[in-house]
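First up is the structure itself, then whatever we jot down about it.
Computed over heavy atoms, backbone and side chain alike; hydrogens, waters and symmetry mates excluded. FYI, the numbering just counts along the sequence from 1. From a predicted model like this one, the values you see are computed outputs, not experimental measurements.
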Amino acid sequence: MIAGCAKGNNGEIKTERSSAKEELILAVGNEPETGFDPVLGWGQYGSPLFQSTLLKRDHDLAITYDAATNYEVSDDGKVWTVKLRDDVMFSDGKPLTAEDVQFTFEKALTSGSVLDLNILETVVVKDPTTVEFHLRNANSTFIHSLLTLGIIPKHSYGDDYSEKPVGSGPYQLVQWDKGQQIIIETNPNYYGKKPFFKRITFLFLKEDAAFAAAKAGQVDVAYIPASFSENKVPGMRLEAVQSVDNRGIMFPYVPSGEKTKEGNPIGNDVTADMAIRKAINVAIDRKALVDGVLEGHGTPGYSVADGLPWSNGESKIEDGDLKRAKELLSKANWKDQNGDGILEKDGLKAEFDLLYPASDVTRQSLAIAVADMMTPLGIKINVEGKSWDEVETLMHSNAVMMGWGSHDPLEIYNLFSGKMAGMEYYNSGFYSNEKVDEYLEKALLARTEAEAIEYWKKAQWDGETGFSTQGDAPWAWLVNIDHLYLVNEKLDIAEQKIEPHAHGWPITDNLVDWKWDEK
């Protein structure tokens, strides 16, 4: 068993071995750019490890408690009252109180992090174990902040916190060799389930290096791409964890003609035609994409939230149907006028560019495969790899191979609300539907997540309209990518929940449940 790890000057991994089975070596993701400070985004895609959150999701994504024991929402949805456990202590031995919660959320509000807390007006400490969050408006997605924002200590937070975090989570950071590894050990003051593994080393390795380390027996878990999945590694098994880490094609929804304030073109006359968007959705063989591009390690994608509580099952369609796709196009007067194999309508050819980030091999392969699938349909898709800087200037007027996937339904609002049109990477196609916007606003303004789910689902499809393929089809969702890990055959990583988009280290979300089995 590997007990400690470091890189030598020549880049080789040097390991020390121990007979103890209470230590692990993991290579499951990149080094966090902003360190381990929750107010700067640490822990948004997986457990913050070093910090507690107020609430958490179980493996079924149901909401349960962590540092909190209860929460209530006022009738108008504007005041959330949270009761805290009275036995939570930071790793330095100081108690966690409502003042620490207040301090954390006020810091996050002004940090400009990935966590958007603009809806938050004030945080009020009622007593040491009671805190109130006062919102500007009712907002059902505020609960995501309670689920993901790790609590930091008011008494010791400083400029170096991201490098030397103090928290009340199950583990504490004991060593960080930047660019190489971190070593963590159990927090003796942790109030929850005691982890089996007392010491864990995280190596910051690229996927090919992680795979090589797994083959050499130097890591217990390695995150790998699908292209490596068919290679057997002695002593390790392949774990394919289902995710909502999706890939899909964003279509410019409006005709060309307008420009952004930066002067970038908006709209595309071909993809603005609903028949084109729907025909592409119907003609795509998503199972073939999973089998061919992902080596079978994924699921067909039909929405941004497949498998999540707020997904509408009616988003799923019968795909791979060229006959029906051709009928949709013919009915909309798309015809091959000159026999060149490309459809035309009113002098406009059924041809457009599909952009993808040039460094992403999976997105490139998906784009090429979809373009090939459209050839017999008479739609010509020109696949082009670009830098993200180039994509930013072109994404309002060209189809783009995007990737999303979150445990927060706010992502639905960001991608499909007319209010978000042209906002960063979100609704970059300028999609808008008045009825959909009505549902999205009702979902957002609901008191709780449970009350909002009905409206999230209706926004996708209400029987007449919606943003799913059944409705306006502003996207062609393709696949949900399984997250693949090589795992030591003696390591039990317990039941994994559906993982979000692959930022952070989502597999560590249930690290306290992992154990070693010598059988």
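Between the side chains of E495 and N510, not a single donor N or O lies within less than 3.5 Å of an accepting N or O. A donor and an acceptor atom, one from each side chain of T141 and N139, are located under 3.5 Å apart. Counted by atom type alone, Y455 and E441 present zero donor-acceptor pairs between their side chains at under 3.5 Å. Side chain to side chain, T299 and D306 fail the donor-acceptor criterion of an N or O pair below 3.5 Å. Side chains of T469 and N281: a donor on one and an acceptor on the other come within 3.5 Å.
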Working for side-chain contact (heavy atoms from CB on, under 4.5 Å), residues M401 and L355
CA-CA 6 Å; M401 185 67 69; L355 311 181; over 6 Å; no
Between W516 and N488, does the side-chain hydrogen bond (donor to acceptor under 3.5 Å, both in side chains) criterion hold? Intermediate values first, please.
CA-CA 9 Å; W516 193 261; N488 190 303; over 6 Å; no
Please lay out, stage by stage, how L26 and V219 fare under the test side-chain contact (heavy atoms from CB on, under 4.5 Å).
CA-CA 6 Å; L26 311 181; V219 297; over 6 Å; no
Using the side-chain contact (heavy atoms from CB on, under 4.5 Å) rule, take L491 and W514 through it: C-alpha gap first, then chi angles, then the decisive distance, then the call.
CA-CA 7 Å; L491 177 61; W514 293 16; 4.2 Å; yes
Please evaluate residues F202 and W505 with respect to the criterion ring pair (Phe, Tyr, Trp, His ring centres under 6.0 Å), reporting the C-alpha separation (whole Å), side-chain torsions for both, the decisive distance (0.1 Å), and the verdict.
CA-CA 10 Å; F202 290 82; W505 309 335; 4.6 Å; yes
Evaluate side-chain hydrogen bond (donor to acceptor under 3.5 Å, both in side chains) for D245 paired with H483, printing each intermediate quantity in order.
CA-CA 8 Å; D245 188 356; H483 291 168; 2.8 Å; yes
Using the side-chain contact (heavy atoms from CB on, under 4.5 Å) rule, take M373 and D285 through it: C-alpha gap first, then chi angles, then the decisive distance, then the call.
CA-CA 8 Å; M373 289 177 181; D285 186 338; 3.9 Å; yes
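Side-chain contact between M250 and S428 is present, with heavy atoms from C-beta onward closer than 4.5 Å. Side-chain atoms of T375 and K380, non-hydrogen and from C-beta on, never get closer than 4.5 Å to each other. Put simply, the side chain of Q242 does not reach to within 4.5 Å of the side chain of E499, judged on heavy atoms. Taking the side chain as every heavy atom from C-beta outward, L61 and P309 approach each other to under 4.5 Å. You'll find the side chain of V370 reaches within 4.5 Å of the side chain of I249, heavy atoms only. Proximity of I317 to R286: side-chain heavy atoms (C-beta onward) are separated by under 4.5 Å at one or more points. Considering only heavy atoms from C-beta on, S229 comes within 4.5 Å of L238 through its side chain. Within the 4.5 Å cutoff, the side chain of T53 has no heavy atoms near those of the Y65 side chain.
In terms of modelled atom types and a separation under 3.5 Å, the side chain of N264 and the main chain of T260 share no donor-acceptor contact. At distances below 3.5 Å, at least one donor-acceptor pair connects side-chain atoms of R277 with backbone N or O atoms of T271. No donor-acceptor pair closer than 3.5 Å links the side chain of D66 to the backbone N or O of K56. Panel note: side chain S397, backbone N268; no donor-acceptor pair is recorded below 3.5 Å. In this structure, Q496 contributes its side chain and I493 its backbone to a donor-acceptor pair below 3.5 Å. A donor-acceptor pair is defined here as one N or O able to donate and one able to accept, closer than 3.5 Å; no such pair exists between the side chain of T508 and the backbone of L511. Within the 3.5 Å criterion, the main-chain N or O of S162 finds no donor-acceptor partner in the side chain of D37. Listed for the D360 side chain is a donor-acceptor partner under 3.5 Å among the backbone atoms of T362. When atom types are taken as modelled, the side chain of S111 and the backbone of V39 share a donor-acceptor pair closer than 3.5 angstrom. No donor-acceptor distance shorter than 3.5 angstrom exists from the side chain of K278 to the backbone of A325, with no hydrogens or angles considered.
With respect to K331 and E327, no salt bridge is recorded, no charged nitrogen being found less than 4.0 Å from a carboxylate O. Salt bridge absent: K442 and E454 never bring a charged side-chain N and a carboxylate O closer than 4.0 Å. Ion pairing between K193 and D513 holds under the 4.0 Å rule for side-chain N and carboxylate O. The pair D291-K287 meets the salt-bridge criterion, with a side-chain N (NZ, NE, NH1 or NH2) lying under 4.0 Å from an Asp/Glu carboxylate O. Electrostatic pairing of K419 and D437 does not count as a salt bridge here, judged by no charged N lying under 4.0 Å from a carboxylate O. We find that K316 and E314 are not joined by a salt bridge, their nearest charged nitrogen and carboxylate oxygen being 4.0 Å or further apart.
Taking CG of D408 as the start and CD of E449 as the end, the distance is 8.0 Å to the nearest 0.5 Å. Between atom CG of residue L294 and atom CG of residue L366 there is a gap of 6.0 Å, rounded to the nearest 0.5 Å. Going from atom OH of Y171 over to atom CD1 of I183 covers 13.5 Å, rounded to the nearest 0.5 Å. To the nearest 0.5 Å, atom CG of residue N312 and atom CZ of residue F467 are 8.5 Å apart. Between the OG atom of S303 and the CD atom of Q460 there is a distance of 5.5 Å, given to the nearest 0.5 Å. Atom CD in E411 sits 9.0 Å away from atom CZ in F416 (nearest 0.5 Å).
W475 and Y431 have their aromatic ring centers separated by at least 6.0 angstrom. Ring to ring, Y426 and W404 are close: their centroids are under 6.0 angstrom apart. Between W477 and Y302, the distance from one ring center to the other does not fall under 6.0 angstrom. For Y485 and Y223, the distance between ring centers is under 6.0 angstrom. If you look at Y439 and W461, their ring centroids are not closer than 6.0 Å.
In this structure, R324 places its CZ atom where only 12 or fewer heavy-atom neighbours from other residues, nucleotides or ligands lie under 6.0 Å away. The number of heavy atoms from other shown groups lying within 6.0 Å of CG (N30) does not exceed 12. Within 6.0 Å of atom NZ in K345, more than 12 heavy atoms from other residues, nucleotides or ligands are found, so the atom counts as buried in its surroundings.
With I276 as the partner, the side-chain contact (heavy atoms from CB on, under 4.5 Å) test is satisfied by one option alone out of I379, D269, L377: I379.
When all heavy atoms of W42 and P48 are compared, the closest pair comes out as NE1-O, 2.7 Å. Here the closest heavy-atom approach between residue H407 and residue P500 is recorded as CE1-CD, 3.7 Å. The two residues A240 and L484 make their nearest non-hydrogen contact at CB-CD2, 3.6 Å. Contact record, R57 with K497: O-NZ, 3.0 Å, taken as the closest heavy-atom pair. Shown here for P252 and H396, the closest heavy-atom pair between the two residues is CB-O, 3.6 Å. Minimum heavy-atom separation, S315 to S468: OG-CB, 3.7 Å.
For the pair K178 and W176, the cation-pi criterion (under 6.0 Å, within 45° of the ring axis) is fulfilled.
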